[in-house]
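Each chain gets a letter, A, B and so on, in the order its sequence line appears, and its residues count up from 1.
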Number of protein chains: 2
Amino acid sequence: MALEQNETPAARSGASRVMAILDALAAADPAVFPDGLSVADVARAVGREKSVVSRQLRSLLETGMVARRDSGRYELSWRLFALAVRAGDQRLTKLAAPLLLRLTETVRERTYLSVLSDGEVLTVLSEGSRRSIEAVNWVGRTIPVHRSSSGMALLMDYEDEHILDMVRRGGSGVSDREARDFLAQVQEARRRGYTVANRIFDPELLGIGAPVRDFTGRVSAAVNISGPAFRIEPHIHAFGGHLLSMVRALQASLGSDVRPYAETGDL
Amino acid sequence: MALEQNETPAARSGASRVMAILDALAAADPAVFPDGLSVADVARAVGREKSVVSRQLRSLLETGMVARRDSGRYELSWRLFALAVRAGDQRLTKLAAPLLLRLTETVRERTYLSVLSDGEVLTVLSEGSRRSIEAVNWVGRTIPVHRSSSGMALLMDYEDEHILDMVRRGGSGVSDREARDFLAQVQEARRRGYTVANRIFDPELLGIGAPVRDFTGRVSAAVNISGPAFRIEPHIHAFGGHLLSMVRALQASLGSDVRPYAETGDL
DNA sequence: GGCAAGTGGTGCAGAAAATGCAACGCCATG
DNA sequence: CATGGCGTTGCATTTTCTGCACCACTTGCC
């Protein structure tokens with residue numbers, strides 16, 4: 001299915017005329033049209049006069065929405081990509097804040113939003129429950145990647161070899177056994193959807209984490225719940241579900257329709 | 001700089017009106033507008049009647065390019081992100097990402113993948129000591145072609161006259177001497193295989209770049225390493241070698257057997 | 001309360017587009 | 001050298017958009 005008649009019923013407004021063309025360019029299978037689409041290709045796809053399409057494409061070219069290859073064929077331009085990246089990136093913390101708060105209120109434990117920074121886990125946002133004891137403010141601090149549920153989540157998409165590399169390089173005195181344990185945890189998390197760090201960072205702490213993917217599908221951040229192991233341990237599965245549905249909501253507002261790994265279905 | 005009058009001279013066609021609005025929504029500083037932009041905000045940003053903007057936004061809303069928050073304010077939406085993942089060269093970004101990560105881990109400096117977009121250098125991917133959120137994120141932004149090692153790499157195959165043209169056209173106040181210096185750098189890079197921008201973009205930054213060629217031999221992207229000059233300067237030759245071998249691997253996976261300019265042999 | 005300012009949205013006549021047809025030059029292919 | 005597909009343009013007609021005035025509503029502020 002490379003090209004198809006996009007007979008949108010309400011295809012009358014100017015914006016949807018533009019959209020029809022952009023959609024046609026986006027829907028083109030790069031394997032079938034490796035060099036972009038010609039004016040005639042687009043005209044067939046949207047079911048319009050080639051003269052109309054020709055003029056519209058020129059207009060889109062001027063605005064930078066589409067680009068023209070050497071061959072004269074058209075494709076969506078990098079500028080669209082840039083637009084989305086800027087918009088998606090800026091919104092991470094803003095959109096995460098209310099969702100994080102809601103998650104905290106649900107699980108009654110402290111929650112965190114982190115990103116990978118220089119091979120370590122950097123906490124950028126945190127919401128606490130009144131109930132929790134810890135007064136430590138983690139925002140702005142980093143912890144080694146191998147010692148948290150967020151670290152596992154942030155490395156989730158990396159190749160196994162890479163994960164071992166990063167873990168070994170991250171901590172100074174990381175034993176081989178530790179690294180392999182970490183990898184095993186990540187592998188299990190890939191199936192389950194969320195990571196669990198049971199008494200790893202601290203003998204009394206338990207963390208549950210999940211990766212946040214941006215619109216390109218890359219893991220750009222991680223959300224985790226952390227608290228006393230004795231309190232969280234009985235609810236790991238339930239909390240994991242809450243975490244996944246929170247991440248799903250966050251990704252939706254970030255423009256990502258990528259679903260978390262191994263959707264469990266429960267929530 | 002949150003909102004500004006985008007008085008594009010050729011802002012008459014329907015498509016550019018749409019683009020202006022999308023630009024305004026993407027460029028809005030989330031710190032200033034945490035909840036999206038109102039109709040009036042957008043109208044001010046694009047310098048048009050609010051009635052026009054109101055109608056246009058509704059149209060964009062119907063197509064799914066923008067979404068409306070509970071507050072009634074607008075933000076970019078899923079349709080744009082869906083288009084964006086299809087924009088540019090998906091093969092390139094997908095294949096480059098892991099290689100870029102490995103390069104970063106080897107040289108321990110931030111690395112970038114850029115393309116030429118509308119006469120400027122657009123950063124598409126970045127790996128390395130990752131964005132600490134508040135740190136400037138370059139992905140999605142453009143810089144003038146004459147101020148980076150990537151710019152040099154992207155223009156490497158053009159004729160000298162053409163390079164001077166593009167440099168002079170790119171920056172508004174580019175001196176003749178600057179342009180000629182740039183050209184000299186490019187000519188040296190052609191012999192060496194990789195470009196070096198020593199304290200050009202910033203008095204303390206040093207960049208090393210290399211062009212990425214597609215199977216036709218055309219330069220379609222550039223990879224560069226950038227960081228503090230004092231830290232990189234002693235390793236220019238070694239880093240250049242690493243860069244070239246990374247680019248070679250990338251080109252191989254892109255289906256290109258074109259060898260980089262002036263293969264140095266080392267790696 | 002009540003005023004003022006700001007907001008999103010609508011109706012309408014004139015202004016400014018897009019539309020579709022035909023035609024042109026162009027490049028391949030047979 | 002004819003053929004067919006391509007991208008583009010001229011032009012009269014149609015359609016849409018524009019900008020103004022105006023309305024209804026909310027917000028902040030005496």
The bend of the helix from C:dG1-D:dC30 to C:dG30-D:dC1, taken between the axes of its five terminal pairs at each end and rounded to 10°, is 40°
Separation of C:dG20 atom P from A:Glu49 atom CD, nearest Å, is 6 Å
Rounded to whole Å, CG of A:Leu57 lies from C1' of D:dG7 at a distance of 11 Å
Hits for salt bridge (Lys or Arg N to Asp or Glu O under 4.0 Å) against A:Arg73, two or more places apart or cross-chain, chain-then-number order -> A:Asp41
By salt bridge (Lys or Arg N to Asp or Glu O under 4.0 Å), A:Arg86 pairs with (sequence neighbours left out) B:Asp23
Those residues at least two apart in sequence (or on a different chain) that pass salt bridge (Lys or Arg N to Asp or Glu O under 4.0 Å) with A:Arg69 are A:Asp35, A:Glu75
Around atom CG of B:Asp181, are there more than 12 heavy atoms of other residues, nucleotides or ligands at under 6.0 Å? yes
For nucleotides 5-10 of chain C, 5' to 3', base contacts (B), sugar-phosphate-only contacts (S) and non-contacts (-) with protein non-hydrogen atoms under 4.0 Å give --SBBB
Pair B:Asp89-A:Trp78, side-chain contact (heavy atoms from CB on, under 4.5 Å): steps then yes or no | CA-CA 8 Å; B:Asp89 190 341; A:Trp78 287 104; 3.8 Å; yes
* To do: Assign the ring pair A:Phe239 / A:His242 to parallel, tilted or perpendicular, where the plane angle (0 to 90°) is split at 30° and 60°.
  => tilted
Using a cut-off of strictly less than 4.0 Å, decide whether B:Arg48 has a side-chain nitrogen or oxygen near OP1 or OP2 of D:dC17. no
Those residues at least two apart in sequence (or on a different chain) that pass salt bridge (Lys or Arg N to Asp or Glu O under 4.0 Å) with B:Asp176 are B:Arg168, B:Arg180
What's the verdict on side-chain contact (heavy atoms from CB on, under 4.5 Å) for B:Val223 and B:Met246, showing C-alpha distance, side-chain angles and the deciding distance? CA-CA 9 Å; B:Val223 179; B:Met246 179 275 191; 4.1 Å; yes
